[in-house]
Structures are given as C-alpha cells and as structure tokens.
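Remarks on the structure that follows.
Letters go in sequence order (proteins before strands), and every chain restarts at 1.
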Protein chains: 2
Amino acid sequence: MATSTRRPERREQPLSRERIVEAAVELLDTAGEGGLTFRALTERLATGPGAIYWHVANKGELLGAATDAVVAAALALEPAAPTAPTAPTGHAGSPQEGIRAVALGLFEAIDAHPWLATQLSGQLSRSPSGPVAPRIFESFGRQVGALGVPERDWFTATSVLVHYVLGAAGQNAANAASARALGPEVDRAEILGTVARAWGDLDPDDYPFTRAVADQLREHDDREQFLAGVDLVLTGITARLR
Amino acid sequence: MATSTRRPERREQPLSRERIVEAAVELLDTAGEGGLTFRALTERLATGPGAIYWHVANKGELLGAATDAVVAAALALEPAAPTAPTAPTGHAGSPQEGIRAVALGLFEAIDAHPWLATQLSGQLSRSPSGPVAPRIFESFGRQVGALGVPERDWFTATSVLVHYVLGAAGQNAANAASARALGPEVDRAEILGTVARAWGDLDPDDYPFTRAVADQLREHDDREQFLAGVDLVLTGITARLR
DNA sequence: ACCTGAACACCGTTCAAGT
DNA sequence: ACCTGAACACCGTTCAAGT
C-alpha cells in the first residue's frame with residue numbers, strides 16, 4: 001500500500017553520511033515520522049543495515065543529523081543580522097521585522113517538514129550545546145538585544161519567543177500531519193468545517209466560549225494567526241521589558 | 001536493568017478499561033514514552049494481549065485515553081470560572097489570575113507527566129472535537145473574555161496562550177526527561193552548569209548573544225520563567241486587543 | 001576502510017480457541 | 001461476554017564474514 005514508486009537510487013556514488021541523511025530527510029518528508037526505518041533506508045540506498053551503521057551510530061543520531069541539516073538550511077536564509085556593525089542601513093530592517101523573519105523561517109521549515117517540531121524540542125533539551133539550540137537562540141536573541149531590552153532580561157525574552165514559535169509551529173505541523181493522514185481527498189476547509197460544527201454543537205452550559213469561537217476557528221488563516229501571535233509577544237516584550 | 005520491582009497486581013478485580021488506562025499512566029510516568037508496551041502492560045495486569053485488545057482498540061486509543069484522564073484531573077482542580085454568575089466574590093479572582101492558574105495547572109501536569117506534552121499536541125490536532133481540546137480552550141477562553149478582549153479577537157488571543165503554554169511546558173518536560181535519562185546522580189544544577197559553560201565557550205564572532213546569556217541560563221528558575229512568559233503574553237493581549 | 005546479510009530481541013496486533 | 005496465548009509481520013541493532 002505505502003510502496004512508493006521510488007528510483008532505487010542510481011548507486012555508484014559511494015555511501016556517505018550526507019547521502020544517508022539526505023535519504024532520511026526525504027523519507028521523513030514523504031512518509032512521516034513512522035516512515036523512517038532502516039528497512040526503507042537500505043532499500044532506498046540499495047545497501048544493507050550494516051553499511052548504514054558504519055556511517056551513523058544509531059537512529060537517534062540519524063534523526064539529529066536530519067534535524068541539523070534542515071534547520072541550518074532554514075536559518076541560513078535569514079540575514080541573521082550583520083556580524084560587524086558595518087553598513088548603516090538606516091531603519092531598513094527593524095528588530096521587529098528581524099524577529100518576524102526568523103519566526104517565519106522556522107514556521108515554514110516546520111510546515112515543510114512536520115517531523116521537525118518533535119525533533120527540535122527533543123534536540124533543544126537533549127543537546128542544548130549542539131548546533132541547533134545556539135543557532136535558534138542567537139537568531140532571535142540578537143534582535144531582542146537590538147529591541148532595547150536590557151541585558152538582564154535577554155534570556156527571558158528570547159526564551160518566550162522560542163517557546164511560542166515552537167509551540168505554535170509545532171501545533172500547526174501536527175494539524176497538517178493529521179489532515180494528511182485522512183487522505184489527499186479531504187482538504188483543510190472540510191476539516192475546519194467539521195471541527196467548527198462539532199464545537200458549535202457543544203453543551204452551551206459547559207462550553208459557552210468554545211461554541212462562540214467556532215466560526216473564528218473555521219475562518220482563520222494559520223500563517224496570519226501565527227504572525228499575530230508573534231506580534232502579541234513582541235508587544236508584551238517591549239511593553240514590560242524596557 | 002529496567003526490570004522494576006512491581007507488584008504483579010493483586011488481580012481479582014476484573015480487567016476494565018479504567019484499570020488498563022490507570023496502568024498505562026503509571027507505566028508512562030515511571031518508564032517514559034518508550035515504557036508503555038503491551039508486553040509490560042500484560043505483565044503488570046497479569047493477563048494476555050488479547051484481553052487488553054478487548055477493552056481498547058489499539059495503542060493510539062490507549063494513549064489518548066491516558067491523556068484524557070490526566071488532563072481532566074489537572075483542569076478539574078482549577079475553579080474554571082463559575083458556571084452561573086453567582087457569588088460576587090468581588091475582585092477576588094481577576095481574569096489574569098485565572099489565566100495564570102490554568103497555565104500553571106497545565107505546566108504542572110506536564111511536569112509530572114512529561115509524556116503528556118507530545119500526546120497533547122497530537123490530541124489537539126487529531127481529535128480537536130474530543131474532550132481535551134475544548135476543555136483547554138474553554139479554560140483559557142472564558143478568562144480571555146473576562147479580560148475585555150473584543151469577541152472577534154477571542155480565538156486569536158486564546159490560541160496564542162495555548163500555544164505558548166504548551167510550547168514552554170513541553171520544552172520544560174523534554175528538559176526534565178533528558179535530565180532523567182542521564183541517571184539519578186546528575187542534578188539540574190550540574191546540567192545547567194555544563195550547558196552554560198558550553199555556551200560561554202562558543203565563538204564570540206558567531207554567537208555573541210548566546211555567550212552573553214549563558215549565566216542567565218544557569219541561574220534561571222523554570223517555573224518563574226514560565227510565569228514571566230505568561231505575563232508577557234497577557235500584557236501583549238491587553239495592550240493590543242482592547 | 002567499507003560493505004553484506006543473516007540473526008537476535010523486541011514490538012503492535014490478530015485470532016482460533018477456551019470459559 | 002470476556003479472556004488466553006501462540007503466531008505474524010515488522011522494528012532497531014549486532015556481528016561474523018567478505019572485499
């Protein structure tokens with residue numbers, strides 16, 4: 001059933017860690033978290049499990065490497081603030097715009113690779129000194145500094161941004177994955193309609209609020225909603241922290 | 001190694017869905033997400049896999065039921081706003097306090113049951129009309145209404161709260177789980193110290209910000225930080241949405 | 001140094017058979 | 001109606017053996 005039509009890989013290029021990671025990302029993207037198995041990987045790479053284990057310690061390390069690769073690509077696209085205080089571009093890019101850009105970069109990376117959300121929060125906690133956590137922290141943090149937040153609040157302000165962005169993007173990705181699991185014939189509008197109707201049918205005594213927002217759930221745009229949330233957090237930061 | 005000393009269950013009470021769910025929660029709490037297997041469950045309940053499958057459709061449904069049970073218990077402890085507009089307690093409980101209480105209830109539930117974070121975001125997307133999503137939405141939403149947010153912004157404001165709380169609490173739970181995985185002899189302070197040192201040793205050109213907040217990472221209190229984030233979001237909501 | 005592929009222990013799930 | 005337990009297909013990982 002899930003036997004996708006896939007070139008069995010041209011082979012000839014020798015196996016390498018990069019080729020394995022690349023294949024892992026493709027499997028995760030097309031078949032979801034459960035789609036990455038050593039069986040599928042060996043088939044795709046026309047090799048045996050032992051060959052993969054020679055380049056990679058275990059599945060966890062492979063997932064970590066896949067996460068690194070995708071995040072690096074996503075955050076590399078952001079200008080990420082100049083390293084030196086050169087080029088006075090005037091007000092060209094405000095810190096707010098910078099934060100929105102970083103947030104949107106992560107949002108879109110997670111949207112394109114839904115498995116990333118789970119992996120990211122695991123990675124941030126399992127190896128907080130690995131390449132991913134500092135990269136994300138640095139991307140948001142520089143702009144937080146530029147915002148005029150006093151240094152003693154940097155960690156708090158940046159943490160809130162990271163948590164909101166990962167929480168919202170992760171929920172969005174989970175939604176998309178669930179939708180996809182229902183098959184390609186059901187679209188977003190249909191699902192939202194069904195959920196909105198269910199919310200509208202809740203008990204008026206127990207769920208007055210949830211009933212009242214059913215229509216807003218149906219009409220909302222994920223990306224717009226996400227950015228509205230970023231702006232809300234930004235407002236909170238500038239209002240309370242200097 | 002992981003052969004925990006466990007009463008093989010007094011048995012005699014017949015098997016039931018509730019007893020299975022209860023055992024599942026205990027397994028998840030003591031052994032983590034990977035600790036819930038039908039093998040461990042049959043041993044704990046002194047029965048065979050077929051018996052469990054008679055009460056529960058599959059592992060996914062079992063995880064969902066475990067999530068329901070824990071969330072219901074956590075949010076039931078919150079007053080959750082009076083059903084009827086009785087008892088004018090004056091300014092006793094402000095909407096802000098109500099939101100903090102709901103947020104803290106979820107934070108602590110996730111802290112006590114780290115597997116909950118992953119399950120919750122899955123549950124919210126897989127069955128948004130199930131018992132969990134409306135319950136969480138309603139708990140936050142009523143207070144958002146009481147805050148004076150105009151109705152057309154209810155969904156946005158409440159979503160941001162939910163996303164921040166689940167994102168932050170989830171990250172916190174992942175941190176705790178990773179710490180526990182290192183063994184009981186390493187404590188929080190030790191881990192934070194190691195990470196802070198690693199951050200402090202980063203390249204000054206590439207990671208000036210992350211280096212600068214290394215000390216704040218070491219000193220921070222998780223719960224305090226979480227509540228500061230809730231207040232930040234709350235400030236954003238009241239400042240921008242009426 | 002790099003790869004092969006059989007084998008191991010473990011997993012979720014099914015199902016004929018019992019009571 | 002409720003439970004038993006062997007069996008199936010699948011998983012991550014290991015390792016002796018090859019080149």
Side-chain angles (χ1 to χ4, degrees), chain A residues 1-4 6 8-28 30-67 115 118-119 122 126 181, chain B residues 1-4 6 8-28 30-67 115 118-119 122 126 181:
Chain A
M1 199 157 276
T3 325
S4 57
R6 269 300 185 178
E9 203 73 13
R10 47 244 176 286
R11 199 59 159 139
E12 234 47 44
Q13 322 176 38
L15 206 50
S16 69
R17 195 181 153 94
E18 297 91 70
R19 287 195 58 227
I20 294 172
V21 171
E22 184 190 317
V25 170
E26 290 176 21
L27 274 173
L28 286 163
T30 55
E33 310 223 26
L36 177 61
T37 68
F38 279 81
R39 259 67 167 182
L41 216 43
T42 54
E43 198 185 340
R44 209 119 159 35
L45 294 169
T47 181
I52 296 177
Y53 275 94
W54 200 90
H55 292 276
V56 150
N58 51 42
K59 193 176 180 178
E61 192 191 293
L62 181 54
L63 277 164
T67 303
W115 49 273
T118 314
Q119 281 318 115
R126 219 173 312 109
Chain B
M1 201 157 277
T3 323
S4 56
R6 270 298 185 182
E9 203 74 13
R10 47 241 176 286
R11 199 60 159 136
E12 236 43 45
Q13 323 176 38
L15 206 50
S16 69
R17 193 181 155 94
E18 296 91 70
R19 288 195 56 229
I20 294 172
V21 171
E22 184 190 318
V25 170
E26 290 176 21
L27 275 172
L28 286 164
T30 55
E33 310 224 25
L36 178 61
T37 68
F38 278 82
R39 259 63 167 186
L41 216 43
T42 55
E43 197 185 342
R44 210 121 160 31
L45 295 168
T47 180
I52 296 176
Y53 275 95
W54 200 89
H55 293 277
V56 150
N58 52 42
K59 192 176 180 179
E61 191 189 293
L62 181 54
L63 277 165
T67 303
W115 49 273
T118 315
Q119 280 318 114
R126 217 174 312 109

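Checking A:R39 against A:H55, the closest nucleotide of DNA chain C that is more toward the 5' end is the one next to A:H55. Each of A:A57 and B:A51 lies near DNA chain D, and the nucleotide nearest B:A51 is the one positioned closer to the 5' end.
Here the P atom of nucleotide C:dC3 and the CZ atom of A:R19 are 10 Å apart, to the nearest Å. For B:L63 and C:dG12, the CG to P distance is 10 Å, given to the nearest whole Å. Rounded to whole angstrom, the span from the CG atom of A:N58 across to the P atom of D:dT14 amounts to 8 Å. Atom-to-atom, CD1 of A:I52 to C1' of C:dG5 comes out at 13 Å; the value is rounded to the nearest Å. The CG-P distance, from B:L62 to C:dG12, rounds to 10 Å in whole Å. Rounded to whole Å, the distance from CZ on A:F38 to C1' on D:dT13 is 8 Å. Note: CH2 (A:W54) to P (D:dT19) measures 19 Å, nearest angstrom. Per the geometry, CG belonging to A:L41 stands 13 Å off P belonging to C:dC3, to the nearest Å.
Within 4.0 Å of B:L36, counting heavy atoms only, lie sugar-phosphate atoms of the nucleic acid but no base atom.
Side-chain contact between A:K59 and A:L36 is present, with heavy atoms from C-beta onward closer than 4.5 Å. Under the 4.5 Å side-chain criterion, counting only non-hydrogen atoms from C-beta, A:W115 is in contact with A:V25.
Nearest to the side chain of B:T47, among C:dC3, D:dT4, D:dG12, sits D:dT4. Nearest to the side chain of B:P49, among C:dC3, C:dT14, D:dC2, sits C:dT14. Checking D:dG12, D:dC3, D:dC2 against every side-chain atom of A:Y53, the shortest atom distance belongs to D:dG12.
Comparing the same atom, C1', in D:dC2 and in C:dA17 gives a spacing of 13 Å after rounding to whole Å.
Applying the Watson-Crick and G-U wobble criteria (two distances, each under 3.5 Å), D:dC8 pairs with C:dG12. D:dT19 is paired with C:dA1 under the criterion used here, namely a Watson-Crick or G-U wobble arrangement in which both key atom distances are under 3.5 Å.
Classification of B:E61 and B:R17 as a salt-bridged pair holds, one side-chain N sitting under 4.0 Å from a carboxylate O.
A:E43 CD to A:R39 CZ: the interatomic distance, rounded to the nearest 0.5 Å, is 11.5 Å.
Contact detail for A:L41 and A:A24: the closest heavy-atom pair is CD1-N, 4.0 Å.
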